[in-house]
Amino acid sequence: MSGAEVCCSSAAISAGIPLFSKRVLAHVQSAHEFGEFPEELFHGEGVKRGRMLSPPIRLCYKPTGMQTKKREQAAQQKEPHDEPVFLPAIARLGVPVLVFGTVFSVLSFALTALVSPDRFPVRVGDRVVRLADLQEEEAALRKKQGELLVAREKLLQNSDAPVLTQVAKLRAETDSLGALLLEIDAVRRRFITGDIDPISIPQVTYDGSTRTLTIGGQVTDPAGRSVSILSRFVDELRLIPSMQSDGKQTVSDPAEYVQRDRPEGGSVSDFSIRLSLNHD
Amino acid sequence: MTDRLAGRRLFMGLAAFFAGTALVLISCAVLAAHARLFGQKRDTAVMVGTQLPELKSSVALLAASVEAEQIFAEQALLAREEQAAAYILPEGSPVGRAVSAIQETMIGFKKGDGLTLEKLSFGQEPEDHGSIKTTAGTMVLRGPFADVAAFLTVLGYGGDMMIRDVIPVADQQVFLALVEETAPLSLKGAEDFLYLDLVQYASSPDREEQRILADAAPEAAGEIRTLLLQIGLAGVRSALGPVAPHLKARELWPLPLLRIDRLTRDGDRWTADITLYSR
């Protein structure tokens with residue numbers, strides 16, 4: 001209010017606007033305290049309000065600006081209008097919110113505990129059962145099924161036949177060499193186009209002690225791409241089911257991929273590939 | 001003093017507000033979770049309710065088949081045990097039967113004309129390894145790669161008697177599970193099928209498969225047949241099939257258990273060091 005003109009009639013004061021009138025009067029009082037005097041002060045006509053008849057008073061004053069610094073300092077100390085409003089309002093809501101939250105949470109937990117979905121009946125076909133009973137029934141059936149499967153698995157093993165057990169053990173140690181050779185031959189045949197049979201395997205050596213099969217031979221190609229054919233042949237060998245082992249290299253690469261030109265045209269590549277049947 | 005009291009009141013009020021808000025939020029979360037649980041349980045109920053009748057019939061069928069198989073398996077295994085003791089791991093010398101089996105296999109083997117058995121020799125005395133005796137031998141063959149490979153594949157079935165001998169146990173489980181799932185009425189037949197004589201199957205594979213799949217729907221039958229081929233019966237059909245009737249007629253099945261220790265090829269000459277087993 002400092003530095004502004006403030007006007008107020010005594011009618012307003014007597015008409016029952018106490019806050020405004022008090023503030024005006026307090027300001028006038030403070031103006032006197034700080035040595036500021038109204039610029040003008042004059043009387044007007046009287047106004048009747050209620051039962052009170054007061055002479056018309058109009059107070060008009062303008063602060064003189066004296067002691068302004070002192071006044072601002074005092075205002076800074078008090079600052080009644082800058083006090084926080086939001087936090088006290090929230091604080092006033094605190095207790096009701098707490099009560100509501102407590103009651104709500106108690107009811108929620110009670111509802112959760114009492115109204116369990118397991119207790120609700122479920123219609124299955126032509127009967128109505130509780131979900132918990134339904135799950136128990138299913139678990140019992142699954143358990144029985146598991147026991148029966150274990151019993152059947154035991155039947156699939158020759159536990160009560162000593163000679164058969166011995167034969168099975170020896171069979172497990174024996175490699176299916178013939179089947180592997182057939183697979184290799186099938187891979188080789190896939191490269192035959194027309195009359196051209198590019199892969200020949202004249203060298204075969206199987207060592208039972210190391211369970212390795214080494215095949216050696218030549219890849220010939222009239223178009224001069226024997227190395228390319230050889231690399232595809234190795235890739236195809238690696239796709240043989242019995243040669244697949246988790247993370248283990250069972251089919252080696254040839255020592256080198258080299259091709260030589262043939263006098264009659266095209267190229268030839270020699271190879272020696274080791275296949276391991278030991279997957280342990 | 002008044003200011004401190006007012007501050008404390010403000011703090012308490014704020015604390016109560018936030019505590020109340022937190023409780024409301026927690027309650028909302030609990031209620032939401034509970035509602036979600038209701039939804040899940042309802043889905044579970046629908047799922048269980050759908051599966052239960054099928055599961056019940058499946059368990060009943062499985063129980064009946066396991067019980068029947070127990071009786072059958074005992075008899076079948078007893079017979080196979082006797083066969084294995086007589087022909088696969090004989091107490092005497094295995095050489096005589098092995099020579100006949102190899103020679104007759106060669107005769108019955110009609111894949112190409114170029115395959116010949118040049119030499120077959122065995123050591124005089126078996127080597128004793130406790131419960132097992134071994135007899136070393138040498139076999140010299142002459143023939144192209146494919147024919148020798150097929151011939152050795154047939155000899156590789158030495159020691160096998162039933163279909164279950166050529167299918168790994170895990171794959172047998174897969175096969176039975178598939179039959180149980182797609183053609184439950186064929187489950188008993190599928191279990192018996194695993195005990196079927198391998199050479200009988202190799203002689204007429206389609207007929208034997210059709211016997212177990214008679215009750216299966218065409219789609220399920222096709223699926224089961226494909227699986228059987230994938231898990232080991234394709235080789236039986238192609239390799240053992242051509243010689244099976246001859247071996248059966250000559251009563252040389254089961255073939256003796258034979259291990260190839262070393263194989264070398266020199267041109268068309270193949271030399272195999274082999275080992276025969278006996279008890």
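Chain letters run A, B, ... following the sequence lines, proteins first, then strands; residues in each count from 1.
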Which heavy atom in [X] sits nearest to a heavy atom in [Y], and how many Å separate them?
X        : Y        : value
B:Ala19  : A:Leu98  : CB-CD1, 3.8 Å
B:Ala84  : A:Val167 : CB-CG2, 4.5 Å
A:Leu148 : B:Val59  : CD1-O, 3.7 Å
A:Leu93  : B:Phe17  : CB-CD1, 4.0 Å
B:Leu23  : A:Ser105 : CD2-OG, 3.9 Å
B:Thr21  : A:Val97  : N-CG1, 3.6 Å

Do [X] and [Y] make a side-chain contact, defined as non-hydrogen atoms from C-beta onward lying under 4.5 Å apart?
X        : Y        : value
A:Thr205 : B:Arg265 : no
A:Phe104 : B:Cys28  : yes
A:Ile184 : B:Phe145 : yes
A:Val204 : B:Thr264 : no

Is the count of non-hydrogen atoms from other residues, nucleotides or ligands lying under 6.0 Å from [X] atom [atom1] greater than 12?
X        : atom1 : answer
B:Glu67  : CD    : no
A:Asp197 : CG    : yes
B:Phe38  : CZ    : yes
A:Arg274 : CZ    : no

Can you tell which part of [X] gets under 4.5 Å to a heavy atom of chain A, answering side chain, backbone, both or neither?
X        : answer
B:Leu257 : side chain
B:Met12  : neither
B:Leu258 : backbone
B:Gln51  : side chain
B:Glu191 : side chain
B:Gln230 : neither
B:Ile26  : side chain
B:Leu14  : both

All pairs passing salt bridge (charged side-chain N to carboxylate O under 4.0 Å, His left out) where residues 54-64 of chain B contributes a residue, at least two apart: A:Glu137-B:Lys56

B:His34 side chain vs A:Phe109 backbone, donor-acceptor pair below 3.5 Å: no

Check: A:Val163 main-chain N/O paired with B:Glu81 side-chain donor or acceptor under 3.5 Å: yes

With only heavy atoms counted, which part of [X] is less than 4.5 Å from chain B, the side chain, the backbone, both or neither?
X        : value
A:Val103 : neither
A:Leu213 : neither
A:Pro88  : both
A:Arg189 : side chain

Pick from A:Val115, A:Leu107, A:Ile215 with the largest number of heavy-atom pairs that fall under 4.5 Å of chain B: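 Highest number of heavy-atom pairs under 4.5 Å: A:Val115.
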
Chain B contacts, top residue of A:Ile201, A:Thr102, A:Thr214 (heavy-atom pairs, under 4.5 Å): A:Ile201

Residues of residues 268-279 of chain B contacting chain A, heavy-atom criterion under 4.5 Å, by residue number: B:Trp270, B:Tyr277, B:Arg279

Close contacts, residues 129-139 of chain B versus chain A, judged by heavy atoms under 4.5 Å: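 Listed by number, the contacting residues are B:Ser131, B:Ile132.
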
Residues 173-181 of chain A: residues contacting chain B (heavy atom under 4.5 Å, by number):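 Residues of residues 173-181 of chain A touching chain B at under 4.5 Å: A:Thr174, A:Leu177, A:Gly178, A:Ala179, A:Leu181.
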
Trace of the side-chain contact (heavy atoms from CB on, under 4.5 Å) decision for A:Leu164 with B:Met161: CA-CA 10 Å; A:Leu164 285 176; B:Met161 286 183 288; 3.1 Å; yes

Contact winner vs chain A - B:Ile88, B:Asp261, B:Thr44, heavy-atom pairs under 4.5 Å: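 Max contact count across the listed options: B:Asp261.
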
Gap separating the CG atom of A:Leu182 from the CG atom of B:Asp147, nearest 0.5 angstrom: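 Going from CG on A:Leu182 over to CG on B:Asp147, the span is 9.5 Å.
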
Separation between CD of A:Glu138 and CG of B:Leu52, rounded to the nearest 0.5 Å: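 Interatomic distance, A:Glu138 CD to B:Leu52 CG, rounded to 0.5 Å: 6.5 Å.
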
Verdict with supporting geometry, B:Arg9 and A:Arg92, side-chain contact (heavy atoms from CB on, under 4.5 Å): CA-CA 9 Å; B:Arg9 189 175 290 168; A:Arg92 281 185 174 223; over 6 Å; no

Salt-bridge present (A:Arg171, B:Asp160; N to O < 4.0 Å): yes

